[in-house]
Amino acid sequence: MPETFTVFINGQPVTAGPETSVAALLLRERMVNRRSCAGQLRAAFCGMGICMECRVTIDSDAHGLGCMTFCRPNMKITTL
Ligand code: FES
């Protein structure tokens with residue numbers, strides 16, 4: 001796997017590395033993961049697969065845990 005590669009967050013290209021989690025990438029890019037049922041902005045909290053606050057759509061799979069998923073080349077991440 002290349003040292004760095006491109007992933008897409010809401011269609012925008014971003015450089016990432018193979019040991020970067022989706023949640024870490026979103027924090028680096030100062031983005032939130034989703035909205036709660038009440039409309040509040042939500043982002044990663046626990047970073048270890050327990051709180052479910054980091055859910056995003058990853059390559060068309062809804063509710064993927066960003067903190068438990070490493071970036072891959074050409075991955076498509078959809079927030080909110
Ligand atoms: S940050 Fe808590 S489950 Fe991902």
Side-chain angles (χ1 to χ4, degrees):
M1 189 174 297
E3 208 167 283
T4 60
F5 46 78
T6 300
V7 301
F8 298 88
I9 302 175
N10 299 330
Q12 298 299 310
V14 176
T15 301
E19 295 181 0
T20 303
S21 71
V22 170
L25 181 67
L26 291 170
L27 288 171
R28 188 191 80 189
E29 297 297 316
R30 304 190 193 299
M31 298 181 75
V32 296
N33 294 51
R34 63 186 187 88
R35 286 185 183 272
S36 70
C37 294
Q40 296 170 318
L41 298 175
R42 312 304 291 183
F45 181 69
C46 74
M48 57 184 187
I50 295 175
C51 74
M52 308 295 172
E53 295 290 0
C54 63
R55 287 177 287 159
V56 290
T57 299
I58 301 172
D59 290 336
S60 301
D61 291 330
H63 304 293
L65 290 182
C67 70
M68 304 302 287
T69 306
F70 287 113
C71 293
R72 298 181 302 267
N74 297 313
M75 177 183 264
K76 293 175 182 57
I77 302 161
T78 306
T79 65
L80 304 177

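Both ligands and their constituent atoms are indexed starting at 1 by order of listing. Predicted model, so just to flag it, every value in this text is computed and none were measured.
Residue contact check for ligand 1: G47 places a non-hydrogen atom closer than 4.0 Å to it. Look at G66 and you'll find every heavy atom at least 4.0 Å from all atoms of ligand 1.
At distances below 3.5 Å, not a single donor-acceptor pair connects side-chain atoms of N33 with backbone N or O atoms of A23.
Each of the atoms 1 (S) of ligand 1 lies under 4.0 Å from some heavy atom of F45. Taking every heavy atom of A44 and a limit of under 4.0 angstrom, the matching atoms of ligand 1 come to 1 (S). For ligand 1, the atoms sitting less than 4.0 Å from at least one non-hydrogen atom of G49 are 3 (S), numbered in the order shown with element in parentheses. Interface atoms of ligand 1 facing C54, defined by a heavy-atom separation under 4.0 Å, are 1 (S), 3 (S), 4 (Fe). Short contacts between ligand 1 and I50, defined as distances under 4.0 Å to a heavy atom of the residue, involve ligand atoms 3 (S).
Here L41 contributes atom CG and E53 contributes atom CD; the two are 11.5 Å apart, rounded to the nearest 0.5 Å. In this structure, CG on L26 lies 12.5 Å from CZ on R34, to the nearest 0.5 angstrom. Atom CE in M52 sits 8.5 Å away from atom SG in C67 (nearest 0.5 Å).
Residue C51 does not count as close to atom 4 (Fe) of ligand 1, with no N, O or S atom under 2.8 Å. The nearest N, O or S atom of C67 is closer to atom 4 (Fe) of ligand 1 than 2.8 Å.
Hydrophobic clustering, with ILVMFWY side chains joined whenever heavy atoms are under 4.5 angstrom apart, keeps F70 apart from M75.
The side-chain contact (heavy atoms from CB on, under 4.5 Å) test with T78 singles out one residue from D59, I9, N10, and that residue is N10.
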task = Report the C-alpha separation of R28 and T20 in whole Å, then their side-chain angles, then the decisive distance to 0.1 Å, and conclude whether the side-chain contact (heavy atoms from CB on, under 4.5 Å) test is met.
result = CA-CA 10 Å; R28 188 191 80 189; T20 303; 5.6 Å; no
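The proximity of M52 to ligand 1, defined as any non-hydrogen pair under 4.0 Å, is limited to the backbone.
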